[in-house]
Asks: 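Quick one: the structure is below, and I'll ask about it shortly.
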Amino acid sequence: MADSNKLIIFDTTLRDGEQSPGASMTKDEKIRIARQLERLKVDVIEAGFAASSPGDFEAIKAIAGIVRDSVVCSLSRANDKDISRAAEALAAAPRKRIHTFIATSPLHMEKKLRMSPDQVFEQAKLAVRFARQFTDDVEFSPEDGSRSDVDFLCRVLEAVIKEGATTINLADTVGYGVPELYGNLLRTLRERIPNSDKAVWSVHCHNDLGMAVANSLAGVMIGGARQVECTINGLGERAGNTALEEIVMAVRTRKDHFKLEVGIDTAQIVPTSKLVSQITGFAVQPNKAVVGANAFAHASGIHQDGILKARDTYEIMRAEDVGWTANKIVLGKLSGRNAFKQRLEELGIALDSETEINAAFARFKELADRKSDIFDEDIMALVSDEQQSHEREHYQFVSLSQHSETGEKPAAKITFAVEGKEVTGEGQGNGPVDAIVNAIETDVKSGAELLLFSVNAITTGTQSQGEVTMRLSRNGRIVNGVGADLDIVVASAKAYLSALNKLYSKTEKLNPQL
Ligand code: KIV
Ligand code: ZN
């Protein structure tokens with residue numbers, strides 16, 4: 001199996017990516033991303049961890065009912081209860097995978113699990129045996145695998161393959177791996193385990209030392225892995241996971257070296273990156289490979305001159321091949337409902353009903369009245385806004401007046417609805433955004449701490465909508481709220497209310513690694 005030249009792309013944005021503090025998503029947001037991942041043609045979508053919360057269970061169930069082409073997967077700890085929950089959530093998927101894991105490093109077994117190696121060995125075997133009752137596609141991960149004892153790994157992995165595990169995923173859980181060592185460990189395991197050819201070998205790397213992509217590729221080239229686990233924009237806990245876009249474009253661009261095929265539709269990479277960033281509120285750094293705003297911008301005169309003479313002097317990939325389109329005006333004030341609906345379809349945005357399309361179209365008209373050229377990014381932002389207002393209706397923005405003058409303390413008056421009932425708050429602050437937050441808090445009194453406030457222009461030019469992200473923390477829970485508007489002060493108010501809604505929704509989740 002490992003000799004195949006197909007590299008399986010396993011996307012875990014909706015599971016490991018979502019574990020990033022503040023990145024938690026609602027069911028509808030997860031569905032939107034899953035649909036886009038299917039358009040991107042990822043082989044496997046890890047949709048969540050079914051036993052972690054009722055919300056995650058429902059999201060996986062919905063995704064299993066919608067996604068047709070990609071395998072849909074749920075994570076589960078190595079116990080019958082988690083596995084049954086995963087199987088139940090995945091029931092409707094035409095192709096489903098159960099991904100079960102248990103820690104195998106001495107440190108994790110002793111300090112976290114408080115289990116002996118023999119107990120872990122037995123539990124891993126039983127878990128895979130149990131999971132095979134529900135599907136013949138079962139993945140097993142030795143958590144903290146890269147810090148585990150090789151002999152013990154060989155013993156566990158041989159046993160789980162015997163029980164029917166079809167994918168073995170060597171987890172570099174804490175990003176401790178170094179390319180040569182990680183690649184060699186994988187190779188050693190494949191060489192020493194007698195039935196290793198009965199499974200596909202997979203890499204799963206974290207980016208704590210900035211080597212997740214390098215480690216994954218070493219696992220592929222040295223170790224013979226044929227599945228890479230990765231996330232869009234490298235989203236994930238701490239420093240994140242292996243970035244999907246970097247793996248895919250490395251393998252495509254350096255096919256001469258890797259000699260592997262990936263089934264990804266690369267033109268969907270940038271739209272997927274934008275969607276994930278918009279939904280989670282995690283902005284992409286401008287110099288990020290492939291999906292950063294500057295990734296294809298040639299500023300120096302020498303480079304520009306070279307590019308004009310022959311593109312490949314300084315360009316190893318073409319921007320359009322990964323889905324960058326020059327800011328294109330797609331719609332305007334005179335565009336009708338049909339043109340709007342068609343553009344939604346082209347962008348892969350599926351709204352559930354005609355009522356939702358009508359509501360989004362009304363927002364579009366409102367925006368087109370204030371802004372002459374509407375870009376794809378504007379449409380994506382307004383749909384996000386519209387969907388947020390449907391999902392979490394506890395606090396809803398209504399209107400705002402704000403006053404700033406040099407030498408005076410800014411003041412704001414905001415009206416918002418609390419479960420449909422309008423309230424008005426007034427406040428002053430050191431700046432206009434501070435004044436708005438104070439005005440909202442006169443009524444809400446959330447006790448939340450603001451951890452991050454960032455403003456991004458959605459498109460170019462002074463007519464651009466501003467997209468604001470606010471990250472709040474309360475009692476150890478971290479959430480991100482996102483809001484967009486032509487007026488960045490209004491966008492800030494919307495972002496703050498959106499974050500409060502997330503705090504209010506109390507979707508407590510169990511972290512699989514705790
Ligand atoms: O990093 C990790 O160990 C994981 C496993 C659950 C695969 O995400
Ligand atoms: Zn992980």
Side-chain angles (χ1 to χ4, degrees), residues 8-21 23-24 44-53 56 60 71 73-79 82-83 85-86 97-109 111-113 120 123-124 127-128 131 137-148 152-153 156-157 160 165-177 182 185-186 189 199-213 215-216 219 225 227-244 247 509-514:
I8 297 167
I9 300 295
F10 175 114
D11 181 276
T12 182
T13 307
L14 298 176
R15 198 279 298 170
D16 222 355
E18 204 209 10
Q19 272 170 234
S20 182
S24 89
V44 186
I45 298 174
E46 188 163 53
F49 167 31
S52 69
S53 71
D56 224 29
I60 299 168
V71 174
C73 171
S74 169
L75 183 71
S76 70
R77 288 168 300 189
N79 65 58
D82 270 29
I83 294 168
R85 198 79 178 133
R97 173 178 298 186
I98 295 177
H99 175 192
T100 187
F101 76 99
I102 190 164
T104 49
S105 67
L107 188 64
H108 277 226
M109 288 190 291
K111 298 276 192 281
K112 184 182 86 167
L113 298 176
V120 166
Q123 195 161 322
V128 170
D137 187 346
V138 173
E139 173 168 332
F140 176 79
S141 294
E143 188 194 1
D144 206 18
S146 57
R147 292 195 296 173
S148 302
F152 183 59
L153 274 180
V156 172
L157 299 180
V160 295
T166 42
T167 301
I168 299 293
N169 177 47
L170 183 62
D172 184 25
T173 306
V174 291
Y176 183 72
Y182 182 73
L185 173 60
L186 223 137
L189 295 173
V200 173
W201 288 72
S202 168
V203 287
H204 178 109
C205 299
H206 282 262
N207 204 31
D208 299 67
L209 293 172
M211 291 190 281
V213 169
N215 285 335
S216 300
Q227 173 176 286
V228 176
E229 301 202 349
C230 43
T231 60
I232 303 296
N233 302 337
L235 187 70
E237 268 186 293
R238 308 183 307 276
N241 287 54
T242 302
L244 178 146
I247 291 289
K509 256 187 169 187
L510 193 69
N511 183 328
Q513 274 124 348
L514 295 181

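Each ligand, and each atom within it, is numbered from 1 in the order the structure gives. Being a predicted model, the structure only gives us computed values, none of them experimental.
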Asks: Is the side chain of S74 donor-acceptor paired with the backbone N or O of I98 at a distance under 3.5 Å, no angle test?
Replies: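 Pair absent, no side-chain N/O of S74 close to backbone of I98.
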Asks: Quick one: the NE2 of H204, the Zn ion (ligand 2), OD2 of D16 angle, rounded to 10°, please.
Replies: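 Centred on the Zn ion (ligand 2), the NE2/OD2 angle is 90° (to 10°).
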Asks: I'd like to know whether ligand 1 has R15 as a neighbour, heavy-atom separation below 4.0 Å.
Replies: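 For ligand 1, residue contact (heavy atoms, under 4.0 Å) with R15 is present.
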Asks: Just by distance, do the side chain of D56 and the backbone of F49 share a donor-acceptor pair under 3.5 Å?
Replies: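 Yes, because the side chain of D56 sits within donor-acceptor range (under 3.5 Å) of the backbone of F49.
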Asks: Ignoring hydrogens and geometry, is there a side-chain-to-backbone donor-acceptor pair from Y182 to L170 under 3.5 Å?
Replies: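 Yes: the side chain of Y182 pairs with the backbone of L170.
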Asks: Charged N to carboxylate O below 4.0 Å: is that the case for R147 and D144?
Replies: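 Yes.
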Asks: Hey, is there an N, O or S on E229 sitting under 2.8 Å from the Zn ion (ligand 2)?
Replies: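 Here the distance criterion (N, O or S atom, under 2.8 Å) is not met by E229, so no.
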Asks: Between D16 and ligand 1, does any nitrogen or oxygen pair lie at a separation below 3.5 Å?
Replies: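 N/O-N/O distance below 3.5 Å exists for this pair.
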Asks: Decide side-chain contact (heavy atoms from CB on, under 4.5 Å) for H204 and T173; before the verdict, give the C-alpha distance in whole Å, the side-chain angles of both, and the deciding distance to 0.1 Å.
Replies: CA-CA 8 Å; H204 178 109; T173 306; 5.9 Å; no
Asks: Taking 4.0 angstrom as the limit, do E143 and K112 come out as a salt bridge?
Replies: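 Between K112 and E143 there is a salt bridge, with a charged N closer than 4.0 Å to a carboxylate O.
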Asks: Keeping D172 on the side-chain end and G177 on the backbone end, is there a donor-acceptor pair under 3.5 Å?
Replies: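 Yes, because the side chain of D172 sits within donor-acceptor range (under 3.5 Å) of the backbone of G177.
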Asks: Any donor and acceptor pair, going by atom type alone, linking the side chain of S148 with main-chain N or O of S105 inside 3.5 Å?
Replies: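 Such a contact is found between S148 side chain and S105 backbone.
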Asks: With heavy atoms only and a cut-off of under 4.0 Å, state how R77 meets ligand 1: side chain, backbone, both or neither.
Replies: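 It is neither part, as no heavy atom is under 4.0 Å.
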Asks: For ligand 1 and H99, I'd like to know whether there is a polar contact (N/O to N/O, distance under 3.5 Å).
Replies: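 H99 vs ligand 1: no N/O contact under 3.5 Å.
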Asks: Mind checking whether H204 contacts ligand 1 via backbone (N, CA, C, O), side chain (CB onward), both or neither, at a 4.0 Å heavy-atom cut-off?
Replies: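 Within the 4.0 Å criterion, H204 contacts ligand 1 through side-chain atoms alone.
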Asks: Which ligand 1 atoms are under 4.0 Å away from a heavy-atom of E143?
Replies: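 Listed by number with element: 3 (O).
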Asks: Verify whether one side chain among T13 and T231 offers a donor that lies under 3.5 Å from an acceptor in the other.
Replies: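 Their side chains do not contain a donor-acceptor pair, so the 3.5 Å distance test is not met.
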Asks: Counting each atom of ligand 1 from 1 as listed, which ones have a heavy atom of A171 under 4.0 Å away?
Replies: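 Contacts of ligand 1 toward A171, numbered from 1: 3 (O).
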Asks: Starting from atom 3 (O) of ligand 1, which protein heavy atom do you reach first, and at what distance in Å?
Replies: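 Nearest protein contact, heavy atoms only, for atom 3 (O) of ligand 1 is T173 OG1, 2.6 Å.
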Asks: Show the atoms of ligand 1 that are less than 4.0 angstrom away from any heavy atom in S141.
Replies: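 Counting from 1, the qualifying ligand atoms are 7 (C).
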Asks: Hey, does H206 come in under 3.5 Å of ligand 1, counting only N/O atoms on both sides?
Replies: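 Looking only at distances, the answer is yes, because the N/O contact criterion of under 3.5 Å is met.
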Asks: Can you report which non-hydrogen protein atom sits closest to atom 2 (C) of ligand 1, along with the distance?
Replies: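 Nearest neighbour among protein heavy atoms for atom 2 (C) of ligand 1, to 0.1 Å: Q513 NE2, 2.9 Å.
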